[in-house]
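Since the structure comes first, as structure tokens, the remarks are kept for the end.
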Amino acid sequence: QVELVESGGGSVQAGGSLRLSCEVSGYTFSGGCMGWFRQAPRQFREGVATIDIDGATTYADSVKGRFTISKDKDKNILYLQMNNLKPEDTAMYYCGADPYKSARATMMDYPIRFSYAGRGTEVTVSS
């Protein structure tokens, strides 16, 4: 059974940083991509960042230069380092995995879709 569990969310002031983690079990990242997406109230799911098996990354324009996605293959953990947070980054953040689609193709979906996703961790950024 595939399980993705996010952690690391919280409340910060604008300009602050958070590091999200996604612990993955029952799933081997051997193809396709993994990534992060977010959903704010009354908004569609928006892709934030994706990474493929070779480490190639894709970012939403709104987070480029501020967020960094990475993976610890040995520990099977996906990370999202978020710096210089803005109030518009406030949302529920989810991690996802898809064994079939590339990182780039996944980011092109709107709303974004993954075959597997966690339950999310909440991020609130105050001005």
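Hydrogens, waters and symmetry mates play no part in the numbers below; they use all other heavy atoms, side chains included.
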Quick one: is the NZ or CZ of R19 closer than 6.0 Å to the six-membered ring centre of Y79, and within 45° of its axis? yes

Find out if a path of hydrophobic residues (ILVMFWY) with successive side-chain heavy-atom gaps under 4.5 Å connects M34 to L20. yes

Under 3.5 Å side-chain donor-acceptor pair for D98 and S115: yes

Is there side-chain contact between V24 and Y116, with heavy atoms separated by less than 4.5 Å? no

More than 12 heavy atoms of other residues, nucleotides or ligands under 6.0 Å from CD of E88: yes or no? yes

State, with a plain yes or no, whether a side-chain heavy atom of M107 is found less than 4.5 Å away from one of I112. yes

Establish whether V63 and L85 are linked, either directly or via other cluster members, by ILVMFWY side-chain heavy-atom contacts under 4.5 Å. yes

Do the charged groups of D109 and K101 touch, with an N to O distance under 4.0 Å? yes

Linking I/L/V/M/F/W/Y whenever their side-chain heavy atoms sit closer than 4.5 Å, directly or via other members, would V125 and M92 fall into one cluster? no

F37-Y93 co-clustered via ILVMFWY side chain contacts under 4.5 Å: no

Rounded to the nearest 0.5 Å, what separation is found between the CG atom of L78 and the CD1 atom of I69? 4.5 Å

Is there a donor-acceptor pair closer than 3.5 Å between any side-chain N or O of T50 and the backbone N or O of G35? no

Answer with yes or no whether the hydrophobic clustering places V2 together with F29; edges join I, L, V, M, F, W, Y residues whose side-chain heavy atoms lie under 4.5 Å apart. yes

Any heavy-atom pair between the side chains of T28 and N76 that's under 4.5 Å? no

Has the side chain of E6 got a donor or acceptor atom that lies under 3.5 Å from a matching backbone atom of R119? yes

Closest approach of K64 and D61, non-hydrogen atoms and distance? NZ-OD1, 3.1 Å

Note, F67 side chain near T57 side chain (heavy atom, < 4.5 Å): no

Are V48 and Y59 side-chain neighbours, meaning at least one heavy-atom pair lies under 4.5 Å? no

Do K86 and R66 have side chains that get closer than 4.5 Å, going by heavy atoms? yes

Rounded distance (nearest 0.5 Å) linking atom CD of Q39 with atom CD of E46: 10.5 Å

Out of curiosity, I51 CD1 to C33 SG, how far, rounded to the nearest 0.5 Å? 10.0 Å

Rounded to the nearest 0.5 angstrom, the OG-CG distance for S11 and L18 is 8.5 Å

Looking at side-chain heavy atoms only, is the closest gap between M82 and V123 below 4.5 Å? yes

Examine the side chains of D52 and S102 and answer whether a donor and an acceptor come within less than 3.5 Å of each other. no

Are more than 12 heavy atoms, taken from residues, nucleotides or ligands other than E23, located less than 6.0 Å from that residue's CD atom? no

Looking at every non-hydrogen atom in both residues, tell me the closest pair between A40 and A91 and how far apart they are. N-CB, 3.9 Å

Considering non-hydrogen atoms only, spot the tightest contact between T121 and G9 and give its length. OG1-N, 3.0 Å

What class does the angle between the rings of Y110 and F44 fall in, given that below 30° is parallel, 30 to 60° is tilted and above 60° is perpendicular? perpendicular

Non-hydrogen atoms of S17 and N83 that approach each other most closely: OG-OD1, 3.0 Å

May I ask you to test the C22-W36 pair for a side-chain heavy-atom distance under 4.5 Å? yes

Heavy-atom donor-acceptor pair, D54 side chain to A56 backbone, under 3.5 Å: no

Find the distance between OH (Y94) and CG (L80) and round it off to the nearest 0.5 Å. 15.0 Å

